[in-house]
S.K.: 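Shown below is the structure under consideration.
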Amino acid sequence: MIDLKQLRENPDVVRASQTARGDDPALVDLALEADATRRSSLAAFESLRAEQKALGKQVAKASGEEKAELLARTKELARQVKDHQATANTAQERLDEILWEIANIAQGAPAGGEDDFVVLRTEGTPRDFGAEGFTPRDHLDLGEGLGAIDTQRGAKVSGSRFYYLTGVGARLELALLNMAMDQAVAEGFTPVITPTLVKPETMRGTGFLGKHADEIYRLEKDDLYLVGTSEVALAGYHADEIVDLAGGPLRYAGWSACYRREAGSHGKDVRGIIRVHQFHKVEMFSYCRPEDAAAEHERLLAWEENMLAKVELPYRVIDTAAGDLGSSAARKFDCEAWLPTQERYLELTSTSNCTTFQARRLGVRERTEDGSTRTVATLNGTLGTTRWIVAILENHQREDGSVYVPAALRPYLGGLEVLEPVKG
RNA sequence: GGAGACGUCGCAUAGUCAGGCCUAGUGCGCCACCCUGCUAAGGUGGUAACGGUGCAAGCCGUUCGCGGGUUCAAAUCCCGCCGUCUCCGCCA
């Protein structure tokens, strides 16, 4: 949720952000209107309520005829108080409804939609398989050859977009995620294994129940949601708390399974494990002071790039356009690895600066030096996911179907330097 | 799944049975000041969040797990929900 004070003082900034995102700028005026209604109705209720309380005290002291007369007056007053309270409540609810619909204010992100990103940098050079004299195989071919990926049985047991990781596939995922965890811990993150089922208010607070609510699994019977990322559980971790940021940002590295319905992506990335309903991820999450958020965002990006360097992948960094941010982010950087068989870049990491948007919805504040409280900023970023296996297999494949293991990963694979095919 | 106990201002606790003097008391902790040549001890005052209003000091409202209800008036009475703990059952 954006800051109501800011909306009052700089409505144009919010309107511009809504427009850049392709959202409705008229919401801003609806909010201002609702806020005015709320304030006037609240003032009316509060003065009546004060009068009622004062009269109530007199009732307690009075007796006899005097009391009867007071009771008559105060009865009528009570009725009015109730009416005004209802009006004030309605106005408050109306305002909340609108405020919860307004997305975070984009900051520095290019305007436009999914295709309007800006490429910030390109790192590493894709291999020239033509020069090497062979046609690269895609990750599923390779994965099946290695006995690492089994989508057939995944579909048999759970349906499309499910898979088994077996043998070196399972080991590779564990290796990658353990390496990610170790890096995070070395950088001072607190490792956390999070719940993957959360209550509606937590899911709503993180901003995932807006336009993309269809992406999320919901357990109707229990009124719980399956998280699409541990960001959700980590954002909720300090909900309704006043945290201490005097010693710097609070940084958590979440390890969790992630679940996505992939509604509306029928026919897209149907082969292999690029786009699946369940995967595993190590996610960085940071609570910091609002003025430190931009710098923290750069740090999260740098840590992501560290991981990409360790697995020796060519990638580019993009600055996501406003319309592709998701409702909570003010800015988002994605790292996309080169995918040789599709000759395109594939998102491997995503880091978002949610400024105070999520924290305000979730009630995460800090104590300032003057003793007051204020909302903190939250950020998140990917350190590793199952999908990385796709890029690792394809980029590090050799003509015989074996796969080179990046040096940094070897300690996590018992020293294995090459993944060898299990058959022909 | 069954039974019971509990949920109060950072922590601990009083208040709930008998609704109004609760503007939620007390202790601890914390902060400021005073006193004591230092330290210990002591004294005085302060000590929540959110919102409204005001240039400001301040004033007002809301919040006693959450949501409803009864009443002129609810921490207190009634209903529903959530959470914690204990015991029993069931399953690891």
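Letters A, B, ... mirror the listed sequences (proteins, then strands); counts begin at 1. The analysis underlying the following values was restricted to heavy atoms, covering all of them including side chains, and did not include hydrogens, waters or symmetry mates. Source: prediction; values computed, not measured.
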S.K.: Can you check the distance between B:A74 and B:C17, where both ends of the measurement are the C1' atom (answer in whole Å)?
M.R.: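 To the nearest whole Å, 15 Å.
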S.K.: Between A:Asp141 and A:Arg271, does at least one N-O distance fall below 4.0 Å, as a salt bridge requires?
M.R.: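 Here A:Asp141 pairs with A:Arg271 in a salt bridge, since their nearest N and O are under 4.0 Å apart.
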S.K.: Can you check the distance between B:G67 and B:U76, where both ends of the measurement are the P atom (answer in whole Å)?
M.R.: 13 Å
S.K.: Compare side-chain N and O positions of A:Arg367 against OP1 and OP2 of B:A49 and report whether any pair is under 4.0 Å apart.
M.R.: yes
S.K.: I'd like to know if A:Arg204 pairs up with A:Glu201 as an ion pair, taking the criterion as any Lys NZ or Arg NE/NH1/NH2 lying under 4.0 Å from an Asp or Glu carboxylate oxygen.
M.R.: no
S.K.: Could you let me know what B:U63 is paired to, Watson-Crick or G-U wobble, both distances under 3.5 Å, or none if it's on its own?
M.R.: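 Across all strands, the one nucleotide that pairs with B:U63 is B:A48.
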S.K.: Atom CE of A:Met1 to atom P of B:G51: distance rounded to whole Å?
M.R.: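 Taking CE of A:Met1 and P of B:G51, I get 10 Å after rounding.
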S.K.: Roughly, in whole Å, what's the span from CD in A:Glu51 to P in B:A73?
M.R.: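 Answer to the nearest Å: 14 Å.
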S.K.: Quick one: on RNA chain B, does A:Lys82 or A:Thr373 contact a more 5' nucleotide (nearest heavy atom)?
M.R.: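 First, find each residue's nearest nucleotide; the 5'-ward one identifies A:Thr373.
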S.K.: Separation of A:Leu42 atom CG from B:U53 atom P, in whole Å?
M.R.: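 Distance, rounded to whole Å: 8 Å.
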S.K.: Looking only at atom P, what distance separates B:G10 and B:A49, rounded to whole Å?
M.R.: 10 Å
S.K.: Which residue, A:Ala50 or A:Arg365, contacts RNA chain B at a nucleotide closer to its 5' end, judged by nearest heavy atom?
M.R.: A:Arg365
S.K.: Need the pair for B:C21. Rule: Watson-Crick or G-U wobble, both distances under 3.5 Å, any strand; none if unpaired.
M.R.: none
S.K.: In whole angstroms, how far is the C1' atom of B:U63 from the CD atom of A:Gln85?
M.R.: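 From A:Gln85 CD to B:U63 C1': 12 Å.
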S.K.: State whether A:Arg39 places a side-chain N or O below 4.0 Å from either non-bridging phosphate oxygen (OP1 or OP2) of B:G51.
M.R.: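 Looking at the OP1 and OP2 atoms of B:G51, neither is under 4.0 Å from any side-chain N or O of A:Arg39.
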S.K.: Could you tell me whether A:Arg410 and A:Glu312 make a salt bridge, using a distance below 4.0 angstrom between a side-chain N and a carboxylate O?
M.R.: no
S.K.: Under 4.0 Å between a Lys/Arg side-chain N and an Asp/Glu carboxylate O for A:Glu296 and A:Arg299?
M.R.: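 Looking at A:Arg299 together with A:Glu296, the answer is yes, because their closest N to O distance falls below 4.0 Å.
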S.K.: Under 3.5 Å for both donor-acceptor distances, Watson-Crick or wobble: does B:G42 have a partner, and if so which one?
M.R.: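 Result: B:C34.
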S.K.: Looking at A:Asp269 and A:Arg161, is any side-chain nitrogen of the basic one under 4.0 Å from a carboxylate oxygen of the acidic one?
M.R.: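 Result for this pair is no, no salt bridge flagged.
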S.K.: Under 4.0 Å between a side-chain nitrogen and a carboxylate oxygen: does that hold for A:Arg218 and A:Asp223?
M.R.: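 A salt bridge is present here (some side-chain N lies under 4.0 Å from a carboxylate O).
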S.K.: Partner of B:G54 by Watson-Crick or G-U wobble geometry, both contacts under 3.5 Å, or none?
M.R.: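 The answer is none; no pair meets the criterion.
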S.K.: Looking at the side chain of A:Arg38, which of B:U23, B:G20, B:G51 is the nearest nucleotide?
M.R.: B:G51
S.K.: Between B:U63 and B:G69, how many Å separate the two P atoms, rounded to a whole number?
M.R.: 13 Å
S.K.: By the 4.0 Å heavy-atom rule, please label A:Lys5 as base, sugar-phosphate, or nothing.
M.R.: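 Result for A:Lys5 = nothing.
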S.K.: Using a distance-only criterion (donor-acceptor N/O pair, under 3.5 Å, no hydrogens), is the base of B:G51 paired with the side chain of A:Glu46?
M.R.: yes
S.K.: Output the rounded distance in Å from NZ (A:Lys53) to P (B:C22).
M.R.: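 Roughly 14 Å, once rounded to whole Å.
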S.K.: Please report, rounded to the nearest Å, how far the P atom of B:C81 is from the CG atom of A:Asp223.
M.R.: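 After rounding, the gap between these two atoms is 15 Å.
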S.K.: How long is the line joining CD of A:Gln52 and P of B:U23, in whole Å?
M.R.: 14 Å
S.K.: Please determine whether a side-chain nitrogen or oxygen atom of A:Ser47 lies at a distance below 4.0 Å from atom OP1 or OP2 of B:G61.
M.R.: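 The answer is no; no side-chain N or O of A:Ser47 sits under 4.0 Å from OP1 or OP2.
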S.K.: In whole Å, I'd like the distance from the CG atom of A:Asp96 to the C1' atom of B:G51.
M.R.: 12 Å
S.K.: Please state the C1' separation for the pair B:U8 and B:U16 - nearest whole angstrom.
M.R.: 11 Å
